[in-house]
Q: 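This is the structure, below, for whatever I ask next.
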Amino acid sequence: TSIHVQQVFRNANKLNMLLLVHPFSQQMETAETYDKYYNYVELTGLLRALAQKYPHIANLSSVGQSAEGRELWVMRITEDPNGDSPGKPKFKYVGNMHGDETVSRQVLVYLVEHLLGKYGEEPRIGQLINTTDIYIMPSMNPDGFERSVEGDCIGENGGRNNAKNMDLNRSFPDQFDGTFVSPGDVPEVMAVIRWIQEKKFVLSGNLHGGTVVASYPFDDSALHKQQGQYSQSADDNLFRFLALVYSQNHPVMKTGEPNCPDSPEETFSDGITNGAQWYDVSGGMQDYNYLYGNCLEITMELSCCKYPLAAELRKEWDMNRESLIAYMEKIHIGVRGYVKEAVNGSALTSASIVVAGILHNLTTGMYGDYYRLLLPGTYNITAVAPGYISATVHSVQVMEGKATELNFTLAPVASEVESSSTPSSMPPTSHPNNSTATTKPSDHTITLPDGTKNSPGVLPPEHQPIQPQEFRHHNYADMELFLRKYNSEFPSITHLYSVGHSVEARELWVMIISDNPTVHEHGEPEFKYVANMHGNEVVGRELLLNLIEYLCRNYGTDLEVTKLVNNTRIHIMPSMNPDGYEAAIEGDVKGYKGRNNSNNFDLNRNFPDQFTTITDPRQPETIAVMNWLKSIPFVLSANLHGGSLVVNYPYDDDKEGTTQYSQSPDDKVFQQVSRAYSQENPLMHNGHPCEELYRDEYFEDGITNGANWYNVPGGMQDWNYLNTNCFEVTIELGCIKYPMANDLPKYWEQNRKALLHFIHQVHTGIKGTVSDMNDGTGIPNATISVADIDHNITSAHTGDYWRILVPGTYSITVSAHGYTPLRTYATVSQDSVELVDFRLTRLHSDSKGQAQNGLQPTQNPSEKEFQSLIKELSLGQGLEKLVRITATDSSFRYQRYKELSGFMRGLTLNFPKITSLRGLGRSVEFRTLWALEISNKPREAEPSEPKIRFVAGIHGNAPVGTELLLEFAAFLCINYGKNPAITRLINETRIVIVPSINPDGREQAVEKQCNSTQGLTNAHGKDLDTDFFGNASQRVVEAQPETRAMMDMILDKGYTLSVALDGGALVATYPYDKPVQSVENEGTLKYLASVYANNHPKMHLGDTGCSNNGQMGNIPDGVMRAAERQSHMGSMKDFSMDFGHCPEITVYTGCCLFPPAEQLAKLWAENKKALLSMLVEVHKGVRGVVRDKSGKPIVGAIIVLNGGVRVFSAEGGYFHALLAPGNHNIEAVADGYQQQRQEVVVSSFEAASSIIIEFDMDNSIFGLPREFVVASAAASMTALVVTACIIWCVCAAKSNRQKDGFHRLRQHRDDYDDEIRLTSMGSKKSLLAHEFQDESESDEETLYANKI
């Protein structure tokens, strides 16, 4: 049966092939009609037929598939199309990238037919095919083409994008913005990227439609100005020439006047344009080819109408035929050749070909071949390969027409072979030498003098690294251009970024140099140099620019540089104080002009200090650097200064503020790394730095403890050590602060070895990974402790760590929340790093990692996926990336009540499926307090989901929070369905937003009033944050209507977390506001506030900086208990805690209560990530279900956390409680059931631990076993019955003896009637009180009884 099925399947395939090929086999016998478009099936059949007809020069293949599974066909046309031989440069055309731009698709089909049909007939075509490896892709977007409509000239009917609605020409990695496109959404782009990387094309054309012009790189600029910004590449002149080749052979394009109906005024000089100057295109394919693919590509727009009628196709082919062929022929201009190695003549692949003066290199292919397109002229060309001595040929003449051939033979750096290489700095001469290059005769071959080879066994000259060539002082503009130049010239090992701005808005540039510069590689340490912190101390600034040049120029040829760059991520900040530099004066020996920043503050006295409170306002440069240091796991650093010659290490000050040795726990490490620098500086290690200026100054070995030299509070090096994992020293580079430019070479020569040797120190001590024993994932924020050294470091986001230590044997302990600590011993050697990995076991887990006590709910794939999302957003740059890719265009302004109400209603009208609006109540002046719920089921109760409350505007004079929450609501709604992370967060969370609690006060407040109390209270003059009282005994007057509305909302008790926004400070506070309240669960409350602060760029730095209200000074981590800030009774926060059983934090968003509207955009940018972090955080802690043995959920069970805080199970038995990371005890109590206890582990980066609490019936009575109590009760009842019987018998006997007395009493009944009536008038209480009174009691006994 199986054989039969296979045979049927093969037959079906054959039939399918016949159906596809047969019609086109017939067509091949007739001429192309040029009057119809080929759909995918027809195109496939035609291309297959052509490949079958011309197998000796044509080969059809697919480079991948489209989103809907269509093949991305490529026709290869060359002599021997099934092989790959050296000497033929690769060319490609790509068409139909935008599916509705269809002329390119048909024109490329016609080109394929023309080349194949004319081969052997036209010598020009034969020459082109025999010498060129041609690849033609008629359609990169076949899915889009199938959706397009013939006659649609402006793209109204769709089809431009792929089936995932992605613009393929906006989806390539971009030099300025990177790429944020999911690979799964653009399979066409991923296939083409692989194709480009594999083939190493030399020249390419990307064919489009919509106008008539040839566009060349770059397609976008760093500024992303929409139009008019010329973005010049290093090969700008060459690109212009290539574009002109196409345009000048096109009868319409060369006029520069397309006369397109939709833009009749648009013209292009000579029919060409720089892409970005025309309009900015980020993520375009032509720039990717140039920057990352070895290939020069331009974009040709072929027709005004994107999808013209088929009748136009003949005309379009005729206009483009000559341009298409002439452009291909230009692949044979410039210089070409091979790079081989000297030992055995083998090809050197990926060797760099460097043309002096053109900051763009290309690399050799698999046969060591290269093809460098150049315009006619004279060039100096260098071949560079890792581990080989580079070779340079000077004065290479490039003529018009056929390429000059230039071959290189490179010798290994330290090989005992006959050398065939010369130092690149030496030009060829007639003297006997080692020839730089070998040549092969051609039309324009360069003939070099023959050189004699070294005798066998003689070592080649020792490799000399390339030294910096230019020494000058770089002002800000010059420095910026220098950095951009090297970033452009060496894109594979450099990344240029800014960490912030100076007071005068200059960028604080940082250049990364590494083999993978844009990302933190697991296991690779992060190192940094910072210079020019004092603006007039300039030597460090120039040395770091020299260092950048040195590292870039020598990478791949110098072993030390290559090893450092490959194994270290080096960050270089040449100037931390660019404003001060601009004010400084060359020749300043020991002055102060330019030392401080533009606000006249010393940046090295501006950091938070362990001993002294720094009262100066934190400067923007300081804040930027602090944020930078918190965001990257730096290991080692140096801060370059001037004015002396010494390495200065922590601590810089002490408690007494006096000049004395202030030892850090890592004093030995600091001395070691300091000596590593000073010993490599020929002057510094002598210890007598500036005898002419400071005769008595002496530093043993050229190093000093900072405080032992002089006291510096607020210094950067101490802050590094105390607040990050980074060890930093301060290096004074020379006695003169701003030396003359002609002295700069001397400083480089003195410091170049030391600068490199200091970087090596980051690779000493121990390093490794802290991971989970169960699944092997890295554990972030694990603590690495070294016995007898009171300074811990923590693991980075993927669990990797580095700990610098001096040689010796150490006891190392690693601990992490939720894991059992692990200790081991490690021996550290000199100048090396010891690898020590730790695999930690989760607390209370079995071999499978599951909790041993308590049931575990089964997870479905969707839950696991959501947990992965929470982890991704909690680690690394996950949340930062989400913020970056979900930017929305907003125009910020303050909205009064009427606009606010309209805005809220607008959200419900535009997003009805995820929003629900309700009024909580009305204010004194009858304004509605609106509450907006955002959820995938906003009108349904979903007790299994956490519920978070965002509120603002309790003080009407602080409306920033209101505007932030309105923007936050819009942001969530707009991104729902577009961004997967936002969509999932909304689907899994019930979000309630109350933007204005005090609308009456807001109407009274005045903009730009930072301290005014106008509008603080409601219309009755009541501060609403003093009006929340749960006990009637505490309330003097009736609650305000706004308060009552909020109290009713809070008492809903369904909330997991509440975040309130206020103004007038920059801090996050946690309960309580009450002045003398001990805080249960304070660790958790403080942790929640710190999550917000840590995701705010300024708040976590702890600098209130609020001089306008007197709140100066440092607040650790930007978090404090509310009562410490301003204690008061009746706060909303306290009411939420005590009566709503929901933790609430209050975030003060800025010092100014009512800042100008222009500042709202900045405030939103500062708070956006922090607000999102709360949506992530609300899913952490512990959650679960309370039920009985039968599975019935128990509502109202009390969940006691760590013996204090209580939460209650809701409908369905669900509960959720937020807890700080760590181990926690949980007790569950419900009437009629036995008390349950569990221990849970909470992580800072994982979703809530989910548990099931299952109750048994409570069989105890009064704390005693039920069986014992029942037996005792039965025995007691029996005894009572027996006693009662005995008493009845005795009473009956007495009754018979007294019968005669009662008989006589009845006879005198009338005499007693009045007495009985009087007796009955007494109260029942009185009778009962005396019923069993013994008249013989003493007075004392009676008194005691009355007291009881």
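As a basis for the values below, the full set of heavy atoms in this structure was taken, side chains included, without hydrogen atoms, waters or symmetry mates.
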Q: Quick check: do E198 and I196 have side-chain heavy atoms less than 4.5 Å from each other?
A: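 Side chain of E198 against side chain of I196, heavy atoms only: no contact under 4.5 Å found.
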Q: Could you go through the side chain to side chain donor-acceptor pair (under 3.5 Å) check for D236 and Y230 one step at a time?
A: CA-CA 11 Å; D236 188 70; Y230 198 111; 2.9 Å; yes
Q: Does the side chain of I513 reach to within under 4.5 Å of the side chain of R569, using non-hydrogen atoms?
A: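 No, too far: nothing below the 4.5 Å cut-off.
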Q: Do D235 and R240 sit within salt-bridge range, that is, some charged N less than 4.0 Å from a carboxylate O?
A: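 Result for this pair is no, no salt bridge flagged.
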Q: Examine distances only and state if a side-chain atom of S247 and a backbone atom of I272 form a donor-acceptor pair shorter than 3.5 Å.
A: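 It does not hold such a pair.
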Q: Does T392 reach the side chain of I381, with side-chain heavy atoms less than 4.5 Å apart?
A: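 No; the side chains remain at least 4.5 Å from each other.
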Q: Do the ring planes of Y292 and Y288 sit parallel (below 30°), tilted (30 to 60°) or perpendicular (above 60°)?
A: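 The rings of Y292 and Y288 sit tilted, inter-plane angle from 30° to 60°.
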Q: Checking E322 side chain against H250 main chain: does a donor-acceptor pair fall under 3.5 Å?
A: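 Looks like no, no N/O pair under 3.5 Å.
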Q: How close do S514 and E521 get, heavy atom to heavy atom, and via which atoms?
A: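 Looks like OG-OE2, 4.4 Å.
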Q: Are the side chains of H394 and T378 in contact, using a 4.5 Å heavy-atom criterion?
A: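 In short, these two side chains do not touch, never coming nearer than 4.5 Å.
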Q: Would you say the side chain of L348 lies within less than 4.5 Å of the side chain of L410, judging by non-hydrogen atoms?
A: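 The answer is yes; the side chains approach within 4.5 Å.
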Q: For Y550, which residues count as a side chain to side chain donor-acceptor pair (under 3.5 Å) partner, sequence neighbours excluded?
A: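 Side chain to side chain donor-acceptor pair (under 3.5 Å) list for Y550, sorted by chain: empty.
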Q: T299 vs S215, test: side chain to side chain donor-acceptor pair (under 3.5 Å). Steps then yes/no.
A: CA-CA 5 Å; T299 302; S215 166; 5.2 Å; no
Q: Can you tell me if CZ on R321 sees more than 12 non-hydrogen neighbours from other groups inside 6.0 Å?
A: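 Atom CZ in R321 is crowded, with more than 12 foreign heavy atoms closer than 6.0 Å.
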Q: Treating N289 as the side-chain partner and M285 as the backbone partner, does any N or O pair qualify as donor plus acceptor under 3.5 Å?
A: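 It does hold such a pair.
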Q: Shortest non-hydrogen contact from K330 to L203?
A: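 Closest heavy-atom pair between K330 and L203: C-CD2, 4.1 Å.
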Q: May I ask you to check whether S231 and S221 show a side-chain donor-acceptor distance below 3.5 Å?
A: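 No donor-acceptor contact under 3.5 Å links the two side chains.
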Q: Does any part of the side chain of D80, heavy atoms only, come nearer than 4.5 Å to the side chain of I57, both counted from C-beta?
A: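 A side-chain contact under 4.5 Å is absent here.
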Q: Can you check side chain to side chain donor-acceptor pair (under 3.5 Å) on Q467 and W748, steps first, answer last?
A: CA-CA 9 Å; Q467 299 298 331; W748 169 251; 2.9 Å; yes
Q: According to the interplanar angle, ranging from 0 to 90°, do the rings of Y486 and F482 count as parallel (below 30°), tilted (30 to 60°) or perpendicular (above 60°)?
A: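 Y486 and F482: tilted rings.
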Q: So how far is it from L115 CG to I125 CD1, rounded to the nearest 0.5 Å?
A: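 CD1 of I125 is found 5.5 Å from CG of L115.
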Q: Under the side-chain contact (heavy atoms from CB on, under 4.5 Å) test against K88, which residue among N130, T78, T132 passes?
A: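 Result: among N130, T78, T132, T78 is the only option passing the side-chain contact (heavy atoms from CB on, under 4.5 Å) with K88.
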Q: For the pair F239 and Y290, evaluate ring-ring contact (aromatic ring centres under 6.0 Å, His included) and give the outcome as yes or no after the intermediate values.
A: CA-CA 11 Å; F239 274 121; Y290 179 62; 5.1 Å; yes
Q: Please check: side-chain N/O of N294 versus main-chain N/O of K200, any donor-acceptor pairing under 3.5 Å?
A: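 Such a contact is absent between N294 side chain and K200 backbone.
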Q: How far does CG of N320 sit from CG of L111, to the nearest 0.5 angstrom?
A: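 Output value for this atom pair is 10.0 Å.
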Q: Is a donor on one side and an acceptor on the other found under 3.5 Å between the side chain of T364 and the backbone of A351?
A: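 Yes.
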Q: Quick one: list whatever passes salt bridge (charged side-chain N to carboxylate O under 4.0 Å, His left out) with E489, sequence neighbours left out.
A: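 Listed in chain order: R553.
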Q: Of all residues at least two apart in sequence or in a different chain, which pass the salt bridge (charged side-chain N to carboxylate O under 4.0 Å, His left out) check with E560?
A: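 Per chain and number, E560 pairs via salt bridge (charged side-chain N to carboxylate O under 4.0 Å, His left out) with no residue.
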Q: Between the side chains of D515 and Y555, is a donor N or O closer than 3.5 angstrom to an acceptor N or O?
A: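 No.
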Q: Salt bridge (charged side-chain N to carboxylate O under 4.0 Å, His left out): which pairs involve residues 336-356, sequence neighbours left out?
A: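 Pairs touching residues 336-356 that pass the test: none.
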Q: Is the closest side-chain heavy-atom distance between M137 and L72 below 4.5 Å?
A: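 Side-chain contact under 4.5 Å: yes.
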Q: Please answer whether the main-chain N or O of A741 pairs with a side-chain N or O of R472 as donor and acceptor at a distance below 3.5 Å.
A: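 Pair absent, no side-chain N/O of R472 close to backbone of A741.
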Q: Heavy atoms, side chains only, cut-off 4.5 Å: are I759 and T568 in contact?
A: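 Yes, at least one pair of side-chain atoms sits under 4.5 Å.
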Q: Is the ring centre of F218 less than 6.0 Å from the ring centre of Y216?
A: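 Between Y216 and F218, which both carry aromatic rings, the centre distance is not below 6.0 Å.
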Q: Keeping T557 on the side-chain end and N554 on the backbone end, is there a donor-acceptor pair under 3.5 Å?
A: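 Such a contact is found between T557 side chain and N554 backbone.
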Q: Strictly below 4.0 Å, N to O, side chains only: are K92 and E297 in salt-bridge contact?
A: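 Salt bridge between K92 and E297, a charged N being under 4.0 Å from a carboxylate O: yes.
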Q: Which residues pass the ring-ring contact (aromatic ring centres under 6.0 Å, His included) test with Y135, sequence neighbours left out?
A: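 Partners of Y135 by the ring-ring contact (aromatic ring centres under 6.0 Å, His included) criterion, ordered by chain and then number, come out as F201.
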Q: Do the side chain of D219 and the main chain of G284 share a donor and acceptor less than 3.5 angstrom apart?
A: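 No, because the side chain of D219 does not come within donor-acceptor range (under 3.5 Å) of the backbone of G284.
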Q: Looking only at atom types and distance, does a side-chain atom of N487 sit under 3.5 Å from a main-chain N or O of L483, one as donor and one as acceptor?
A: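 Such a contact is absent between N487 side chain and L483 backbone.
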Q: Strictly by modelled atom types, are Y93 and N206 linked by a side-chain donor-acceptor pair under 3.5 Å?
A: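 Checked: Y93/N206 side chains show no N/O donor-acceptor pair below 3.5 Å.
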Q: Would you call K254-D270 a salt bridge at under 4.0 Å N-O?
A: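 Not counted as a salt bridge, because no side-chain N and carboxylate O are separated by less than 4.0 Å.
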Q: Does R752 have any salt bridge (charged side-chain N to carboxylate O under 4.0 Å, His left out) partners at least two apart in sequence or in another chain, and if so, which?
A: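 In terms of salt bridge (charged side-chain N to carboxylate O under 4.0 Å, His left out), with neighbours along the sequence ignored, R752 is linked to E749.
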Q: When rounded to the nearest 0.5 angstrom, what is the spacing between NE2 in H474 and CD in E470?
A: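 Output value for this atom pair is 7.0 Å.
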Q: Hey, which of Y379, Y371, Y370 is the one that makes side-chain contact (heavy atoms from CB on, under 4.5 Å) with V335?
A: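 Among Y379, Y371, Y370, the one meeting side-chain contact (heavy atoms from CB on, under 4.5 Å) with V335 is Y370.
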Q: Return the CZ to CG distance between F172 and L291, rounded to the nearest 0.5 Å.
A: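 Spacing of CZ (F172) from CG (L291) equals 12.5 Å.
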Q: Testing the basics here: between Y367 and S85, what is the closest heavy-atom pair and its distance to 0.1 Å?
A: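 Smallest heavy-atom distance, with atoms named: CE1-C, 4.1 Å.
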Q: Treating N380 as the side-chain partner and S395 as the backbone partner, does any N or O pair qualify as donor plus acceptor under 3.5 Å?
A: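 It does hold such a pair.
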